[in-house]
Number of protein chains: 4
Amino acid sequence: MSLAESRPQQDCPARGRPRSEAVERAILEGVMKLLEDGVPLADLSIERIARTAGVGKATIYRRWSDKEDLFVDVLRAAEPEDPELPGTSVRDDFVMLLESQRRRGLATRSSAILHNVYAQMKSSPKIWAAYHATVVAPRRRIGREVLRRGLENGELRRDVDIDLLHDMLVGPMLVRSLLRPDAPLEEGLAEQIVDTVLEGLRPVSSPGA
Amino acid sequence: MSLAESRPQQDCPARGRPRSEAVERAILEGVMKLLEDGVPLADLSIERIARTAGVGKATIYRRWSDKEDLFVDVLRAAEPEDPELPGTSVRDDFVMLLESQRRRGLATRSSAILHNVYAQMKSSPKIWAAYHATVVAPRRRIGREVLRRGLENGELRRDVDIDLLHDMLVGPMLVRSLLRPDAPLEEGLAEQIVDTVLEGLRPVSSPGA
Amino acid sequence: MSLAESRPQQDCPARGRPRSEAVERAILEGVMKLLEDGVPLADLSIERIARTAGVGKATIYRRWSDKEDLFVDVLRAAEPEDPELPGTSVRDDFVMLLESQRRRGLATRSSAILHNVYAQMKSSPKIWAAYHATVVAPRRRIGREVLRRGLENGELRRDVDIDLLHDMLVGPMLVRSLLRPDAPLEEGLAEQIVDTVLEGLRPVSSPGA
Amino acid sequence: MSLAESRPQQDCPARGRPRSEAVERAILEGVMKLLEDGVPLADLSIERIARTAGVGKATIYRRWSDKEDLFVDVLRAAEPEDPELPGTSVRDDFVMLLESQRRRGLATRSSAILHNVYAQMKSSPKIWAAYHATVVAPRRRIGREVLRRGLENGELRRDVDIDLLHDMLVGPMLVRSLLRPDAPLEEGLAEQIVDTVLEGLRPVSSPGA
DNA sequence: CGGTAATCGAGACGGTACGTCACGTCTTAAA
DNA sequence: TTTAAGACGTGACGTACCGTCTCGATTACCG
C-alpha cells in the first residue's frame, strides 16, 4: 500500500531488531517542522533532515530510497482525510469536496508543505506517478462518481461532459493555490464556485450568444 | 527588462573584449536541447550545461547569478507570444487565449520545458516571483480586461465575480496540464470550455434563474 | 593467558547458556580463510567476518573488544610451535631456530597471514605490545639464552656483543621476509646464515669445531 | 617519476588553472605533523587530513588516488638523501650507509612517520611495490654494488654470497627498528656492525685481524 | 521439570568516513 | 576584458562499517 516504509520483501516473521516507529515519526515530523519554518525545499538535504531528527542518515535511507521518495510520504502524511459526503445532491457533495480543499489551503502546515513539495514533485516523474496514483486519481474518481450519479438521476443535463465539468469545478481552487497563492480563501468560496459553475453565467436578457 | 544578461553597471562604451552573443544563444539552446531530450531538471548541473554548450562555467556565472536565474530566461525564451485578440466578443477573445495555451501544450519543446521548469520554480520563491511578474500576472491582466469589457457592454451578468469567472475559464486548462497531463488536448477544446462555462449547466428541465 | 576470550570477571560456575567453542573456531578459521584467499587486511571488516562465519556481530564483540584484538588471536593461532632445540652447540641450536622460521615462511597459511597481520600490527601500539610480549620477546629470550651458553662454555669469543650477534643471526631472515619477499628460501639457508655469521666469531684459541 | 602528483596524461601546455604547489606541501606537511603528534595511523582519515591542511577533500583526491597512495609520498618526503659514499673501502662505504639509516632512526620526524607508515604499507601490495621499487630496491642496489667492487678488488673473499652478506649487514639495523624499537642507537653502532660482520669474511690471504 | 539467565542469529540504531560530484570563486594563457 | 579550462574550499550525496542495542529463539544449569 505504502510507497516506502516496507521491508524489502519478506513474509518471514521479522528477524532482527524491528524498525522503530518513533524514528519514523520523528523524521516525518522533522521534515514538516523544517518546511513550516520556511526552509526552502532545496535546502532540505538528507543530511540536514537527519541532523534535525537526531537520526543517522542510514536510518532514513533504510526506509526511503530517495529524497523525493521521502517527500511523497511527507506529503501523504499532510493530506487531509477524504471528507464524508452528505450525498444529498451533486451540489452539496461538491461543496463538501471543495471545502475540504479550501480548509487544507488555510492550514499553515498543509499549505506550506504542499505548495513546496507538490511543485517539486512534478519534476520527478517517478514520484509524481506515485502521488498521482495514491492521491490525485482517487480524489478525481470520487468527484466523477458524484457527477455520474447526478447525471443519472437528472440533476445534470444529459449532454454534459463529465471530465470537463469536473475540471471546471476543481480548476478555480487549483488556480488559486498555484497561480494566485495570495488570493484569500474566504468562507463560502466553495459554495460560490459550485453554484456559479452549476448555474450558468449568461445574463438572463441574452438568451443566444 | 531582462532578469539577467546585463553587464554589472556601466555606461562606458564597453572596454575589453565584448561578450559573445553566440555564447549566450549556445547556452540557452543547450539547456532547451537537454530538457527536450528528457534530461530530468534535477540532473541539469551548471557544470553539465557548460560542458554541453562548450563553454566555461565562469561564462555562465557572468550572465546569470544562479541556476534558477538562468532557468527563468530559458522559460521566457520558450513562452509563446501573447496572441492577437480578435476583440469581437468575450467568447471569441477567450477562445483565442485558451487556444494559445492549448497549442503551447502540444509543442514538444515548450511542453517538455514548461512542465519541468514551471514545477521546479514553485519551490524557489525568488524565481517564482520573477516568473509570476513577467508571465503569469500580465496574462491574467489581459484576461481580466477582456472580462471587464464584457461586463461593461452587457455580455456578462452584472453580478459576476470577475476573478472567479476567470479562474473557471482558465482552470480546466491548468487542471489538464498539471493533474491530467495524459488527457488529450483536442482541437476545439478551447471553444468547448469557454462555451460551457459561459452557457450554464443546469438541466433544461429546470428553467428557473 | 589469552588476551581476550575471557568472560567479564566471574568465578561463579557460569550461569546461562555457555559460549559455543564451535563459534569461536568458526570465527578464527573464517578470518584465516579470508586472509589465505588474498583478501587485503584492510578489507576485513567485522561485518564481513561475521557474515563469512555465519555469526552475529555481537558474538564477535562479546569475545574480542576490537578488530585488532581479534587479529592478535588469529596471529597466535598461526604461529608455529617453538622448536625443540638439540642443545649440541650454538650452531646447531640456531640452525634449528632459523629453520623453523624458514619453514614458517614457506607455509602458505602462516605466510599469508603473518605478512599481512604482522605489518598491520605495527601501526597499533597496543596490539604490537601484546604480540611482542607473547611472541617476539620470548623467542628472542630463547635465542639469547643459546648465545649466552655458547659464551660461557667457550664456543664464542669473550668480547662478543650478544645482542648484536643475535641481530646478525636473525636479521637476514627478517630482511628476506620483509624486504625481499620474492627471494627463495632454499633448503640449507639457515645453515648458510649461521655458519657465515659464526665464522669470524669463534674464539681464536679454538681452531676446530 | 613520481607515483602521484602527475596530471592525468597530457603534454599539452597545461590548460586551466595550474595546481598549487603550496597546497601540495601543506598536505604532506599536515600528515607529517599529525604523525609526529602521535596520531595513530588508523585515525588518519582523508577527511581529517583535509581539515588539518585547510584543504578540500577533492584537492587531495585530485593528486592521490588513495590514502595509501598519499602515504607513499609522505614516506618518500621523509626519506633521507642517499649519502655520499667515500669510496675508500667496502668497510667505510657500508659504515656510511648504515650511519645514514641510524641517523634516520634518531630523527623524531622520520622515525615516527616511518615506523607507522612503513608497517601499514606492507598490508597494501600495490603500495608496497611502489615503495619497494622507488626506495628499497635502489638502496639495495647501491649496497650490492659496493660489495661487488669489494669482491673484485680482493677486499672480500671470493666465495662470499653477496646477497647474504648484504642481508647480514643490513639486518641488524632492521631488527632494531622493527623488533626492538626501544633499543638505543648508540654512536658507533654502524661501525660495530660492519666490523663484526666483515671480520670473518676477509680473504684468507690477508692475515691481518 | 520448569524457570532463569546468558547465548545465538539477525538486523536496526546514531555515528563517522568513504570517494564522487556539483557548487560558486579563483587563476591561468590565449584571443 | 572575455574566453575555455580547470583548480580551489565547501558541502551533500549514497554506501559501508563502526560498536551498541534490541528482537525472538536457543541452550544450559539450578532449584
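A note on names: the letters A, B, ... follow the listed sequences, proteins ahead of strands, and every chain is numbered from 1. The model shown is predicted, which means the values in this text are computed figures rather than measured ones.
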Hits for side chain to side chain donor-acceptor pair (under 3.5 Å) against B:Asp43, two or more places apart or cross-chain, chain-then-number order -> none
Has [X] got a side-chain N or O lying under 4.0 Å from the OP1 or OP2 atom of [N]?
X	N	value
B:Arg62	E:dG24	no
C:Arg17	F:dT27	yes
D:Arg15	F:dA5	yes

* Asked: Are any non-hydrogen side-chain atoms of D:Val72 and D:Trp64 less than 4.5 angstrom apart?
  -> no
Q.
Using side-chain heavy atoms (C-beta onward) and a distance below 4.5 Å, is D:Phe71 in contact with D:Asp66?
A. no
Side-chain atoms of B:Arg19 come closest, of E:dC13, F:dT2, E:dC18, to F:dT2
Those residues at least two apart in sequence (or on a different chain) that pass side-chain contact (heavy atoms from CB on, under 4.5 Å) with C:Thr52 are C:Leu34, C:Arg48
Item checked: Pair A:Asp73-A:Arg63, side-chain contact (heavy atoms from CB on, under 4.5 Å): steps then yes or no -> CA-CA 11 Å; A:Asp73 272 12; A:Arg63 286 148 215 269; over 6 Å; no
[atom1] of [X] versus [atom2] of [N]: gap in Å, rounded?
X	N	atom1	atom2	value
C:Glu68	F:dG19	CD	C1'	14 Å
B:Ile60	F:dA5	CD1	P	12 Å
D:Glu21	F:dA7	CD	P	15 Å
C:Trp64	F:dG19	CH2	P	14 Å
A:Arg63	E:dA12	CZ	C1'	8 Å
A:Leu70	F:dG14	CG	C1'	14 Å

Kindly determine whether D:Leu70 and D:Ile49 satisfy side-chain contact (heavy atoms from CB on, under 4.5 Å), including the steps that lead there. CA-CA 11 Å; D:Leu70 164 59; D:Ile49 293 170; 4.0 Å; yes
Side-chain donor-acceptor pairs under 3.5 Å in residues 53-61 of chain D, sequence neighbours left out?
unit_1: D:Lys57; atom_1: NZ; unit_2: D:Glu47; atom_2: OE2; d: 2.8

Judged by nearest nucleotide, the residue sitting upstream toward the 5' end of DNA chain F, D:Val23 or A:Ser45, is D:Val23
The answer to which of C:Tyr61 and B:Ser20 contacts DNA chain F further toward the 5' end, by nearest nucleotide, is B:Ser20
So, with a heavy-atom separation below 4.0 Å from DNA chain E, the residues of residues 46-59 of chain C are C:Gly54, C:Val55, C:Gly56, C:Lys57, C:Thr59
